[in-house]
Amino acid sequence: MNILKFGGTSVGSAQSISALMDILKKETGVENPIVVLSAMGGVTNTLLLMAENARSGADYADQLKEIETKHFEVIRALLPAGAQNPVLTKLKIYFNELEDILQSVYTLRELSLQTKDLILSYGERCSNVMVSHIARQYFANSVYVDGAELIKTDGNFGQAKVNTQLTETLIRDFYESNKDKLLFVTGFISSNEDGRVTTLGRGGSDYTAAIWGAALNAEEIQIWTDVDGMLTADPRIVKKAFSLPELSYIEAMELSYFGAKVIYPPTMTPAFLKKIPIVIKNTFNVDFPGTYIKHGAQASSLPIKGISSIDEISILNLSGSGMVGKAGFSGRLFSLLSREQVNVVLITQSSSEHSITFAVKPTDALKALALISKEFELELQARKLEYPEVENGLSILAIVGENMKRTPGISGRLFSALGRNGVNIRAIAQGSSEYNISVILSRADLSKAVNAVHDAFYSDLKKTLNIFCLGTGNIGKTLFQQLQNQMPFLAKNNDLQVKVMGVSNTRKMYLNPDGIDLTTWENVLEEQGDKADLGEFIKQMKNMNLANCVFVDNTASHNPIQFYLDVLQSSISVVTCNKIGNSAEYDQYVAFKEAARKHGVEFYYETNVGAGLPIIRTLKDLMLSGDRIASIEAILSGTISYIFNNFKGDRLFHEVVKEAQDLGYTEPDPRDDLNGKDFMRKMLILARDAGYALEEKDVAIESMLPAACLAANSVADFYQEMEKNAAHFENLKQEAAKNNKVLRYIGKLEDGKVSITLQMVDDSHPFYMLSGSDNIISFITDRYKERPLVVKGPGAGAEVTAAGVFADIINVGKR
Ligand SMILES: NC(=O)c1ccc[n+]([C@@H]2O[C@H](COP(=O)([O-])OP(=O)(O)OC[C@H]3O[C@@H](n4cnc5c(N)ncnc54)[C@H](O)[C@@H]3O)[C@@H](O)[C@H]2O)c1
Ligand SMILES: N[C@@H](CCO)C(=O)O
Ligand code: NA
């Protein structure tokens with residue numbers, strides 16, 4: 001025989017009660033199950049509120065009406081008109097009784113625990129009367145059972161202690177003479193020796209189910225709720241949390257002790273003692289197998305079973321010389337707290353015995369402080385103890401699982417996931433049972449921490465990168481297109497999900513904690529976006545406090561640069577195609593790298609040089625492997641390369657420049673390409689990566705433009721000047737052609753000096769053969785000295801650049 005317990009949401013509406021009936025149709029057969037029901041969802045809270053209102057002399061009539069309507073609506077929806085009257089009458093009697101009780105509370109302005117229990121009992125009574133009547137349409141032998149009469153307790157109202165022996169006898173006797181019926185038993189309520197209603201405390205209906213299960217040696221106890229069993233983490237925090245097929249009782253207790261609201265741990269004890277399996281099932285997803293909690297649960301391959309947390313916790317730290325070597329000290333402390341009903345959630349003590357830190361619920365913190373101040377008054381006065389302080393705003397995160405036992409590396413994985421994401425740990429505790437490692441951290445970090453730890457332990461599952469992108473121009477737009485196309489492949493082959501959480505251009509910004517749909521981002525940004533504000537964008541990004549976060553700069557603007565340090569220091573990686581940051585002051589370039597290293601995040605800028613071509617990466621690998629750069633020779637302006645490769649025959653120079661711009665090769669302002677500035681930035685970044693502490697002024701640039709073009713103060717002006725100076729460019733072209741040479745703008749790093757010069761080269765020069773927007777770079781190093789290491793290919797354009805940014809993002813994900 002099985003016990004089926006349905007929680008508040010499962011009896012919360014006509015729809016869920018219909019689902020419940022369908023479940024019962026499958027579960028009834030040769031032997032009927034015993035059904036235990038909670039109050040309708042929300043009713044217990046409303047009853048409590050009414051009781052408090054009555055006590056303080058406030059109105060409660062509306063709430064009473066609300067509860068009544070809630071029940072009556074279900075009855076009208078699920079019972080034919082002819083069958084409604086008897087149950088409506090029964091419930092009406094209950095509501096009248098309830099009103100009388102509330103009236104007395106109101107008159108006396110007094111609410112004892114005993115009266116409170118009585119008031120609360122109406123929640124379960126009403127739901128069970130109602131549902132048992134509805135069930136009669138399908139199961140003629142359905143009966144309502146007042147569970148309070150069969151579970152006998154002491155008189156500790158609100159949290160009564162069960163008299164197990166008497167209770168089991170009563171339940172068995174009752175069951176013997178009612179076996180043929182389908183029993184609907186009120187959960188949560190019980191009664192004392194005098195027959196007064198008591199309640200079983202938090203999670204009471206689960207407890208009722210376990211008590212009945214143990215008394216009758218049930219085959220299994222099914223807990224029907226609104227989630228797919230016990231999950232690896234709170235699904236409201238971790239979107240990728242998944243349901244666990246099997247758990248041991250201990251794992252289930254550890255997991256539910258902190259947070260998981262699925263089952264209340266003490267209620268498992270009767271089932272645990274009799275080795276009765278508990279199954280957690282979802283009323284709203286009946287076919288899902290759910291979670292089995294049982295004796296000898298199969299060891300699984302998962303390193304941990306789950307992550308649980310307590311949202312709000314306070315810690316107290318007691319320290320001082322007076323504690324060292326004092327055997328009775330912690331005994332005195334903790335027996336004091338236990339005597340005064342302060343529940344201590346976690347304790348750590350340093351081996352120097354100089355300090356003890358313990359965690360309590362915030363509501364208990366001041367009480368604990370007062371108790372300590374009184375108990376240790378003498379020690380405090382004599383300065384043998386420091387006056388303890390309460391620290392609030394903290395949370396506990398715990399990883400749980402029996403596999404942790406004797407498995408090295410588990411705590412390492414926990415702490416490195418937290419460290420990498422910039423989560424500071426305040427205190428650590430691991431029980432010697434090794435079922436649980438708990439850490440205390442700032443509450444603001446909790447959600448990020450749980451996600452990071454979830455990723456770290458279930459890494460064979462999908463990892464999510466959360467990206468925030470600036471710039472929706474050429475590169476930004478193309479990146480989104482590529483991301484959208486590639487998403488399914490990444491999910492399938494790399495277990496990686498890239499989610500765009502925020503986007504901004506100069507006009508608008510839009511952030512969404514659920515992620516932004518890449519098919520509609522343009523409309524969403526336009527219609528739902530706020531006015532762009534870079535500081536605000538960064539602030540909101542930081543406030544989201546997500547794990548595996550990447551800030552992507554696809555602008556050509558100075559403005560984002562000033563935020564890089566702050567972003568890196570917030571443990572957020574930076575990927576940028578914007579060269580301005582790395583080519584400004586050398587100290588800033590160094591500061592970015594140091595911040596990234598210190599905070600364990602990435603700072604990637606492959607597209608700063610040669611767009612998607614692997615140049616930065618190649619140089620970095622050479623340096624890391626101990627090679628030394630002797631010289632670099634390179635063509636690194638895709639725009640100028642394109643121009644020289646296409647400035648032929650009778651074509652005009654400024655027309656070819658315009659063509660390069662239309663093809664997306666130029667900077668947003670093409671003057672930055674033609675005046676050599678863009679090239680200078682790239683050479684400077686390369687030189688710095690090669691180990692030279694150079695500044696902009698150290699780069700000697702030979703201009704390829706006449707002075708008038710250089711002086712143009714707008715882009716339109718610039719084009720006009722190029723047109724006016726057509727003869728200058730024509731001369732250059734003809735002179736090169738005359739000597740069978742081509743024009744090349746070449747950068748060089750040699751002996752720590754950087755120059756960029758305009759040259760005419762013949763076909764003996766390796767840079768002679770180039771086409772389109774090709775870049776070429778040739779490294780001479782200690783190891784590549786006979787023949788250089790050469791990287792060549794298209795070095796500008798939206799597709800290749802966005803692809804380089806994309807690869808940088810993926811590389812952050814690989815770490
Ligand atoms: N085109 C290429 O081949 C290539 C190659 C490598 C690197 N890059 C670099 O890519 C970057 C972007 O180039 P693009 O062609 O896409 O430019 P673009 O002008 O088309 O787009 C720039 C975008 O940045 C936005 N923006 C500017 N300032 C901003 C701010 N403060 N906050 C938010 N958004 C801001 C603009 O609104 C625009 O959406 C440049 O830094 C460029 O050097 C380009
Ligand atoms: N404007 C740049 C883009 C690549 O960085 C160029 O022409 O090389
Ligand atoms: Na590159």
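Note that ligands are numbered from 1 as they come in the structure, with each ligand's atoms numbered from 1 the same way. When a residue number appears, it is its place in the shown sequence, counting from 1.
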Hey, which atoms in ligand 1 end up nearer than 4.0 Å to a heavy atom of [X]?
| X | result |
| --- | --- |
| Ala796 | 3 (O) |
| Asn559 | 31 (N) |
| Thr472 | 23 (C), 38 (C), 39 (O) |
| Thr607 | 6 (C), 7 (C) |
| Gly664 | 1 (N), 2 (C), 3 (O) |
| Gly471 | 23 (C), 24 (O), 25 (C), 34 (N), 39 (O) |
| Gly473 | 16 (O), 18 (P), 20 (O), 21 (O), 23 (C), 38 (C), 39 (O) |

Between [X] and [Y]: side-chain donor-acceptor atoms closer than 3.5 Å:
| X | Y | result |
| --- | --- | --- |
| Gln759 | Tyr745 | no |
| Thr576 | Asn578 | no |
| Gln661 | Tyr719 | yes |
| Asp627 | Ser625 | no |

Query raised in the report: Does Ile640 approach ligand 2 within less than 4.0 angstrom via side chain, backbone, both or neither, non-hydrogen atoms only?
Result: neither
Query raised in the report: Does Asn474, backbone or side chain, put an N or O under 3.5 Å from an N or O of ligand 1?
Result: yes
Query raised in the report: Are any of the N/O atoms in Gly476 less than 3.5 Å from those in ligand 1?
Result: no
Query raised in the report: Is the Phe592 ring parallel, tilted or perpendicular to the Tyr564 ring (thresholds 30°, 60°)?
Result: tilted
Query - Parallel, tilted or perpendicular: ring planes of Phe603 versus Tyr605, cut at 30 and 60 degrees - result: tilted
Query raised in the report: Taking the side chain from Arg688 and the backbone from Asn582, do they hold a donor-acceptor pair closer than 3.5 Å?
Result: yes
Report task. Report yes or no: does Asn421 contribute a side-chain atom to a donor-acceptor pair with the main-chain N or O of Asn548 at less than 3.5 Å? Result -> yes
Query - Sub-3.5 Å N/O-N/O distance, Gly638 and ligand 2 - result: yes
**Report entry** ligand 2 N/O within reach of Glu667 N/O, cut-off under 3.5 Å
**Finding:** yes
Report task. Locate the shortest heavy-atom distance separating Leu710 from Ser703; write the atom from each residue and the value. Result -> CD1-OG, 3.6 Å
Please work out whether any backbone atom (N, CA, C, O) or any side-chain heavy atom from C-beta onward of [X] is under 4.0 Å from ligand 1, and answer side chain, backbone, both or neither.
| X | value |
| --- | --- |
| Met509 | neither |
| Ile475 | both |
| Asn554 | backbone |
| Ser557 | side chain |

**Report entry** Heavy-atom nearest neighbour in the protein, as seen from atom 7 (O) of ligand 2, with distance rounded to 0.1 Å
**Finding:** Thr639 OG1, 2.5 Å
Query raised in the report: Would one find more than 12 heavy atoms of other residues, nucleotides or ligands at under 6.0 Å from atom CD of Glu695?
Result: yes
Looking only at non-hydrogen atoms, which of [options] approaches [atom] most closely?
| atom | options | result |
| --- | --- | --- |
| atom 11 (C) of ligand 1 | Asn578, Ile561, Thr555 | Thr555 |
| atom 8 (N) of ligand 1 | Gly797, Cys577, Pro668 | Cys577 |
| atom 34 (N) of ligand 1 | Asn505, Thr576, Leu470 | Asn505 |

Requested in this report: Examine Tyr784 together with Phe779 and report whether their ring centres are nearer than 6.0 Å.
Outcome: no
Report task. Assess the pair Phe551 and Phe468: is the distance between their ring centroids shorter than 6.0 Å? Result -> no
So, is [X] placed with an N/O/S atom under 3.0 Å from the Na ion (ligand 3), counting both backbone and side chain?
| X | value |
| --- | --- |
| Ala611 | yes |
| Arg617 | no |
| Ile615 | no |

Requested in this report: Show your reasoning for whether ring pair (Phe, Tyr, Trp, His ring centres under 6.0 Å) applies to Phe647 and Phe644.
Outcome: CA-CA 5 Å; Phe647 181 40; Phe644 288 159; 7.6 Å; no
Query raised in the report: Any Lys/Arg nitrogen of Asp234 or Arg236 sitting under 4.0 Å from an Asp/Glu carboxylate oxygen of the other?
Result: yes
